[in-house]
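What you see below is based on every heavy atom in this structure, not just the backbone, and it leaves out hydrogens, waters and symmetry mates. Numbering of residues begins at 1 and proceeds along the displayed sequence.
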Amino acid sequence: MASSKKPLSNQVSATAPKKTKPLSLLDVVEKGFLSLSVSQKKIKSMTVALSGGIDSVVLLHLLYQLQKRQNFTLKASHVHHGLSKNADKWVKFCEKLCTKLSVPLDVNYVKLPQKKSLGIEGEARQLRNEKLLQSQTDLVVLAHHEDDQAETFLLQLIRGAGVKGLSSMALFDGSRRLWRPLLNTSRIDIESYAKKHKLKWIEDESNQNIDFDRNFIRSKVLPILKNRFNHIIKVISRSSSHLAEAQHLLDDLAKIDLKSGIKSINYKHKLKVKALEKLSLSRAKNILRYWLEINGQMMPSKDLLDELLRQVLTAKKDAALKIHLSKDYEIRRYQDEIYILPNNQKIQKNYEIIWAGESEIILPNGQKLTFKKVKGRGIHLKFLDDKKLKIRNRQGGEFFKPDSKRPTKKIKQLLHESDFPPWERENLPLIFVGDDLAFVPNFGIDMKFQTKAKELGLEVIL
């Protein structure tokens, strides 16, 4: 009996997907720019990091072309480290290139410290980033590409990095205003673009020095991997993206766990120990990592992080815990909170500052006071008509009465009865109207100077 089924080719009509023409590098950069313009505020200015090498020259050329399509101002920034005998020649090359394109160029001269705790590469990169981030611009644009991402991944892997380190570089770093539009572009495509447009660039002789780990990976390790695994660069890039997503989830979890641990962003330097005690060790360490990051600290080693958590959780409430985090910062515990503090804080005695109407004042110890006129609170403005507002440090013998139902007390006694840590007591600024103490941050306004409802007052915030 003959089969009634029709041949498969007659049953299914399949249309092969049309092959789309790959985007040009300029189109890739423009697509990224337009995407950022939607997710961020309108981008009006960009600064490109220009070393003079092929990657940054191509990026400058692309942004120069993009500027004709989109409305933004463009400038370049070159950092002179003085590490190479050709460093002055590189400056002249960048100046000549930028003059040709009518792009303003900032040249920043930096000197590496004698003690290079991060190594030559690390210190140079840190100084370069510091100068770039000082740029008054909406975006700092870097020329990192797909191969750079693979090198960074392998470097971090060799160093035993965790999820954050292995996620490597981000396409866009909102906290630092960094954009890497070529991060998913291969080195081969960049070289092809440079040749097509007949661009000239410089060669940094240090790139051939395999004593540097990155150069060793680039010239010795990756070629072997590429020879065995054709798509290794894209595979590593994909793994970095997966890890970046995982890191975002860990950060989101840390934010949830930190809600009960930090009073507000103004007090991000101190963390309640109870927020750590109620969590598993993994989540507690995740909080610590995130807390250190939002306070601008470099990530400690695994051993230091483990020891930090152990001491914080096991120390007695009255223990004088002090752990050196780096050469500049330390962690202390006081009662139920831990603090990130500069090492060896200096206390400047007997300073006096006259308020002249500024919206903020930076005190000698680095603290900031902000001033704002508001209704219903603050120091009553009528007292400032004929008297000066003075800020000075505590010198002893000051009295204060913020509550009519409580007796007048010495500031020393108030501080002793409070939960203020000893180092903050010494640095507490006092606000005077004329010669009378009017306001003590975190304690209130003296009865005499308080503002009533609907009256205009001066709010002072530490």
Side-chain angles (χ1 to χ4, degrees), residues 113 115 117-118 126 130 175 254-255 257-258 260-277 284-351 353 360-370 391-395 411-412 414-430 440-443 460-462:
K115 293 183 179 180
S117 58
L118 299 175
Q126 181 167 302
E130 286 175 1
S175 63
K255 290 174 187 176
D257 290 340
L258 269 180
S260 62
I262 294 179
K263 183 178 178 182
S264 73
I265 195 64
N266 293 328
Y267 297 92
K268 65 181 181 180
H269 68 290
K270 56 183 181 180
L271 172 64
K272 294 176 184 176
V273 175
K274 288 181 179 178
L276 301 171
E277 290 176 336
K285 285 195 283 187
N286 187 50
I287 276 190
L288 277 181
R289 291 190 196 97
Y290 186 76
W291 180 59
L292 292 172
E293 182 181 0
I294 64 175
N295 279 282
Q297 300 299 309
M298 291 187 64
M299 206 52 54
S301 66
K302 178 183 180 300
D303 289 343
L304 179 55
L305 190 71
D306 288 344
E307 180 62 16
L308 169 60
L309 183 60
R310 186 192 69 79
Q311 290 199 37
V312 166
L313 295 179
T314 59
K316 293 182 179 179
K317 190 173 182 178
D318 59 350
L321 179 64
K322 183 189 290 189
I323 300 174
H324 287 284
L325 196 58
S326 65
K327 64 179 181 179
D328 297 317
Y329 287 89
E330 64 189 15
I331 288 181
R332 293 190 190 185
R333 175 173 176 168
Y334 179 71
Q335 294 185 0
D336 292 322
E337 292 181 305
I338 55 174
Y339 298 73
I340 293 179
L341 301 167
N343 287 332
N344 304 316
Q345 292 188 88
K346 293 181 180 179
I347 301 169
Q348 184 166 335
K349 296 291 185 180
N350 302 328
Y351 68 82
I353 300 171
E360 66 178 42
I361 289 177
I362 303 299
L363 302 177
N365 60 16
Q367 291 177 303
K368 181 172 73 173
L369 286 176
T370 59
I391 304 105
R392 67 172 174 82
N393 60 307
R394 188 166 65 90
Q395 296 172 12
I411 298 298
K412 182 178 180 179
L414 282 172
L415 290 172
H416 183 72
E417 293 172 354
S418 74
D419 58 358
F420 260 52
W423 58 87
E424 287 194 5
R425 297 174 197 173
E426 296 299 324
N427 287 320
L428 187 68
L430 305 180
V440 181
N442 297 295
F443 288 93
V460 186
I461 301 173
L462 176 62

Problem - Heavy-atom side-chain contact between Leu305 and Leu292 under 4.5 Å - result: yes
Exercise for the section: Please determine if Asp306 and Lys302 form a salt bridge, counting it only when a charged side-chain N lies under 4.0 Å from a carboxylate O. Expected result: yes
Handout entry: His269 side chain reached by Asn295 side chain, heavy atoms, under 4.5 Å
Key = yes
Exercise for the section: With the side chain counted from C-beta on, respond yes when Val460 and Ile391 share a heavy-atom pair under 4.5 Å apart, and no when they do not. Expected result: no
Exercise for the section: For the residue pair Val312 and Leu288, establish whether any side-chain heavy-atom pair is separated by less than 4.5 Å. Expected result: no
Problem - Check against side-chain contact (heavy atoms from CB on, under 4.5 Å), Lys268 and Ile340 - result: CA-CA 9 Å; Lys268 65 181 181 180; Ile340 293 179; over 6 Å; no
Practice task
Report the distance from atom CG of Leu321 to atom CZ of Arg332, rounding to the nearest 0.5 Å.
Solution key: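 So the gap between those two atoms works out to 10.0 Å.
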Practice task
Calculate, to the nearest 0.5 Å, the distance between atoms CG and NZ belonging to Leu462 and Lys368 respectively.
Solution key: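 Taking CG in Leu462 and NZ in Lys368, the distance rounds to 10.5 Å.
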Practice task
Could you tell me which non-hydrogen atom of Ile287 sits nearest to which non-hydrogen atom of Ala275, and how far apart they are?
Solution key: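 Looks like CD1-O, 3.9 Å.
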Exercise for the section: Mind listing the closest non-hydrogen atom pair of Leu304 and Leu325 along with its distance? Expected result: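 Nearest heavy atoms, Leu304 then Leu325: CD2-O, 4.1 Å.
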Handout entry: For the student: nearest non-hydrogen atoms of Pro342 and Glu330, plus distance
Key =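 What the structure gives for the nearest pair is O-OE2, 4.2 Å.
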Practice task
Please name the residue in the list Asn393, Ile353, Leu363 that meets the side chain to side chain contact (heavy atoms under 4.5 Å, CB included) test with Pro429.
Solution key: Leu363
Problem - CG on Leu430 to CZ on Phe443, rounded to 0.5 Å - result: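 Taking CZ in Phe443 and CG in Leu430, the distance rounds to 10.0 Å.
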Practice task
Determine yes or no for a side-chain-to-main-chain donor-acceptor pair under 3.5 angstrom, with Asp336 supplying the side chain and Lys272 the backbone.
Solution key: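 Pair absent, no side-chain N/O of Asp336 close to backbone of Lys272.
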Problem - Reference residue Ile338; test side chain to side chain contact (heavy atoms under 4.5 Å, CB included); the match among Val273, Leu308, Ile323 - result: Val273
Exercise for the section: Might you work through the side-chain contact (heavy atoms from CB on, under 4.5 Å) test for Leu271 and Leu276, ending with a clear yes or no? Expected result: CA-CA 9 Å; Leu271 172 64; Leu276 301 171; 4.3 Å; yes
Exercise for the section: Working to the nearest 0.5 Å, report the span between CE of Met298 and CG of Asp328. Expected result: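 One gets 11.0 Å once the value is rounded to the nearest 0.5 Å.
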Exercise for the section: Heavy atoms only: give me the nearest Tyr339-Tyr334 pair and the separation to one decimal. Expected result: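 Minimum heavy-atom contact is CE1-CB, 4.0 Å.
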Handout entry: Nearest heavy-atom neighbours spanning Arg333 and Ala315
Key =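 Shortest heavy-atom contact: NH1-O, 3.5 Å.
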Exercise for the section: For Glu293 and Met299, work out which heavy atoms get closest and say how close. Expected result: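 Where Glu293 meets Met299 most closely, the heavy atoms are CB-CE, 4.4 Å.
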Exercise for the section: Just jot down the side chain to side chain contact (heavy atoms under 4.5 Å, CB included) partners of Lys274, sequence neighbours excluded, or say none. Expected result: Glu277
